[in-house]
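What follows is a set of notes on a single structure, which appears directly below.
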Amino acid sequence: MADEKEDKKAKRQAVKEAKRARKKEKKEENGEEEEETLGGKVLIGVVAVFIVLLWLLILGLLVKMDVGGFGSTVLYPVLKDVPVINKILPDVQEYAKEDEAYAYDSVEDAVKRIKELEKELADVKASKDDSDAHVADLEAQSQELQNYKENEAAFEEEKEKFYQEVVFSDNAPDISAYKEYYESIEPEKAEEIYKQV
């Protein structure tokens with residue numbers, strides 16, 4: 001058994017030696033190929049770096065020319081404080097004057113405009129207050145008118161009840177007394193009473 005173990009070890013060593021020898025032979029044969037492969041790897045690396053630099057240059061030009069507003073609206077607020085990259089960003093001062101209604105030459109002009117707008121706002125608020133007061137006045141008048149209508153209706157009802165109970169009852173005074181009274185107060189109502197009598 002001990003011999004068998006030694007034989008196996010020797011065989012393994014021989015196989016390892018053979019592999020090493022084959023690798024060495026391949027290296028010697030492929031020495032020229034490795035040099036070519038190394039040169040090809042370097043060339044591929046240089047081309048890859050060139051392509052990346054070309055894309056970065058194109059991207060930088062697109063940002064600098066502000067194609068689609070991407071440089072001024074998206075990148076400028078984010079990258080304006082980065083020392084080297086902020087040189088690539090477009091000049092935003094050109095794009096700040098998009099709306100001429102808000103372009104002022106000085107702070108004094110802007111303050112004057114603000115004061116004008118505040119005055120307009122105060123005038124609108126005052127007219128709103130006047131309108132609110134007018135509406136409140138009209139509502140009060142409407143309520144008062146409603147009270148008068150209710151009182152008038154109650155008075156008319158009481159007057160009709162009086163006519164029925166006093167004027168046309170069995171204990172009523174003489175018609176000539178009513179005639180004189182109603183002719184002096186209400187000629188229309190007197191005429192109606194004459195017709196009923």
Of all residues at least two apart in sequence or in a different chain, which pass the side chain to side chain contact (heavy atoms under 4.5 Å, CB included) check with Leu54?
Ile58
Partner residues of Asp132 under the side chain to side chain donor-acceptor pair (under 3.5 Å) criterion, sequence neighbours left out:
Lys128
For Ser106, all residues meeting side chain to side chain contact (heavy atoms under 4.5 Å, CB included), sequence neighbours excluded:
Glu108, Asp109
Within-4.5 Å side-chain heavy-atom neighbours: Leu79 and Asn86
no
Measure across Gly71 and Pro90 and return the closest heavy-atom pair with its distance rounded to 0.1 Å.
C-CG, 3.7 Å
Cluster check Leu59, Leu75: I/L/V/M/F/W/Y, side chain < 4.5 angstrom
no
Contacts of Glu157 that satisfy salt bridge (Lys or Arg N to Asp or Glu O under 4.0 Å) - sequence neighbours left out
none
Specify the closest pair of heavy atoms between Ile88 and Gly60, including all atoms of both residues, with the distance to one decimal.
CG2-O, 3.7 Å
Let me confirm one number: the CD-CD distance from Glu120 to Glu118, rounded to the nearest 0.5 Å.
11.0 Å
Give a yes or no on whether Tyr76 and Val74 share a hydrophobic cluster (residues Ile, Leu, Val, Met, Phe, Trp, Tyr; joining criterion: side-chain heavy atoms under 4.5 Å apart).
yes
Could you tell me which non-hydrogen atom of Pro77 sits nearest to which non-hydrogen atom of Ser72, and how far apart they are?
CD-O, 3.8 Å
Atom pair CZ/CG of Phe70 and Leu62 - distance to nearest 0.5 Å:
10.0 Å
For Val107, the rest of its hydrophobic cluster, which grows through side-chain links under 4.5 angstrom:
Val111
Neighbour count above 12 (heavy atom, 6.0 Å) for Ile85 CD1:
no
With a 3.5 Å cut-off and sequence neighbours excluded, list the donor-acceptor pairs that the side chains of residues 15-22 form with protein atoms.
none

Would Val82 end up clustered with Val63 when hydrophobic side chains under 4.5 Å apart are linked, directly or stepwise?
yes
Test item: Trp55 and Ile51 side chains (from C-beta on) under 4.5 Å apart, heavy atoms:
yes
Among residues at least two apart in sequence or on other chains, which ones pass side chain to side chain contact (heavy atoms under 4.5 Å, CB included) with Leu138?
His134, Gln141
Leu121 meets the side chain to side chain contact (heavy atoms under 4.5 Å, CB included) criterion, sequence neighbours left out, with Lys125
With ILVMFWY side chains joined below 4.5 Å, transitively, what does Val42's cluster contain besides itself?
Val46
Could you give all pairs that pass the salt bridge (Lys or Arg N to Asp or Glu O under 4.0 Å) test and reach residues 73-88, with sequence neighbours left out?
none
The complete set of salt bridge (Lys or Arg N to Asp or Glu O under 4.0 Å) pairs with one or both residues in residues 137-155, sequence neighbours excluded, reads none
Quick one: salt bridge (Lys or Arg N to Asp or Glu O under 4.0 Å) partners of Glu156, sequence neighbours excluded?
Lys159
